[in-house]
Amino acid sequence: GSSGDLVDNTDGVALVRTTYTIYPDSTQIIESYFDASGLTTEEKSSGVHQRQRTVDKRGFLTYESYFDATGAPTDIHGDNVHERRYTYNDRGNELTEEFFDVNDKPINQKGLDFARVVYKYDDKNRVIEKAYFGDDGAPQILPNLGAAVIRQEYDRQGTIVRQEFLDGQG
């Protein structure tokens, strides 16, 4: 049936409480996690007790941050990132994604090795350039890519026909 006692799921969470605060240009969403006893808990998969998100009036995620069960700023299982920030153009395309540590300083996300990515689009909303930057603001050559910038060209059918991999120095 549909009754019974709360139980912790495989991620150690029995209850998720979500609150919404609506502002004229955005909505703040706070998700908090609790165990079957009603005590604050952290997801086993992330180590996070609370996620705070902000979406703009179009519904696009602009901000996300993470907190542990004591309310202290934290990251997701050692990825170094406490906060993610996003910007979009008028057409809803993501322009930037940025990562910050608990001290609000740019930080390279562990495993991705960049602190900021910037996207450019053509008039058909296709990505024509992705540029990666490190926590010092300089172009960041990604180890798994060997480049800091990727440029793409498309044919009339929308198929990528050319990719350039650049060091970002020019």
Other cluster members, [X] - Ile/Leu/Val/Met/Phe/Trp/Tyr, side-chain contacts below 4.5 Å:
X    : result
L39  : none
F34  : L15
V118 : F133

With [X], which residues qualify under side chain to side chain donor-acceptor pair (under 3.5 Å), at least two apart?
X    : answer
E153 : none
Q52  : Q50
D68  : T70
R91  : N125

Which value, rounded to the nearest 0.5 Å, describes the distance between [X] atom [atom1] and [Y] atom [atom2]?
X    : Y    : atom1 : atom2 : value
K57  : I22  : NZ    : CD1   : 14.5 Å
K130 : Y119 : NZ    : OH    : 6.5 Å
R151 : K120 : CZ    : NZ    : 7.0 Å

Does any non-hydrogen side-chain atom of [Y] lie less than 4.5 Å from one of [X]?
X    : Y    : answer
L95  : Y88  : no
Y20  : I29  : yes
F67  : P73  : yes
Y154 : D122 : yes

- Sequence neighbours excluded, which residues qualify as side chain to side chain contact (heavy atoms under 4.5 Å, CB included) partners of T19?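 Result, side chain to side chain contact (heavy atoms under 4.5 Å, CB included) vs T19: I30.
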Counting only pairs under 3.5 Å, give me each side-chain donor-acceptor contact of residues 104-115, with atom names and distances, residues two or more places apart or in other chains.
{"residue": "D104", "atom": "OD1", "partner": "R85", "partner atom": "NH2", "Å": "2.3"}
{"residue": "N108", "atom": "OD1", "partner": "A115", "partner atom": "N", "Å": "3.3"}
{"residue": "N108", "atom": "OD1", "partner": "D135", "partner atom": "N", "Å": "2.9"}
{"residue": "Q109", "atom": "NE2", "partner": "D79", "partner atom": "OD2", "Å": "3.4"}

- D167 and I141: side chain to side chain contact (heavy atoms under 4.5 Å, CB included), yes or no, with the steps? CA-CA 6 Å; D167 64 9; I141 293 179; 4.1 Å; yes
Provide the closest heavy-atom pair for [X] versus [Y] in the form atom of the first, atom of the second, distance.
X    : Y    : result
A14  : D8   : CB-OD1, 3.5 Å
I160 : Q163 : CG2-CG, 3.7 Å
T74  : H82  : O-ND1, 3.1 Å
R53  : L61  : CB-CD1, 3.9 Å
T18  : E31  : OG1-CG, 3.6 Å

- Item | Partner set under ring-ring contact (aromatic ring centres under 6.0 Å, His included) for Y121, not counting sequence neighbours |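 Y121: no ring-ring contact (aromatic ring centres under 6.0 Å, His included) contacts found.
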Determine whether [X] and [Y] fall in the same hydrophobic cluster, where Ile, Leu, Val, Met, Phe, Trp and Tyr are linked whenever their side-chain heavy atoms lie under 4.5 Å apart.
X    : Y    : result
V127 : F165 : yes
Y66  : Y86  : no
V117 : Y63  : no

- Task: Would you check, one step at a time, whether the test side chain to side chain contact (heavy atoms under 4.5 Å, CB included) holds for I76 with V48?
- Result: CA-CA 6 Å; I76 293 181; V48 169; 3.8 Å; yes
- Just grab all the side chain to side chain donor-acceptor pair (under 3.5 Å) pairs involving residues 34-45, residues at least two apart or on different chains.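 Sorted pair list: D11-S45, E43-S46, E43-R51.
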- Polar side chain donor-acceptor pair, T62 to T54, under 3.5 angstrom: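 Short answer, no.
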- Enumerate the residue pairs fulfilling salt bridge (charged side-chain N to carboxylate O under 4.0 Å, His left out) with a member in residues 92-103, sequence neighbours excluded, ordered by first and then second residue.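 Applying salt bridge (charged side-chain N to carboxylate O under 4.0 Å, His left out) to every pair that reaches into residues 92-103, excluding sequence neighbours, yields E98-R116.
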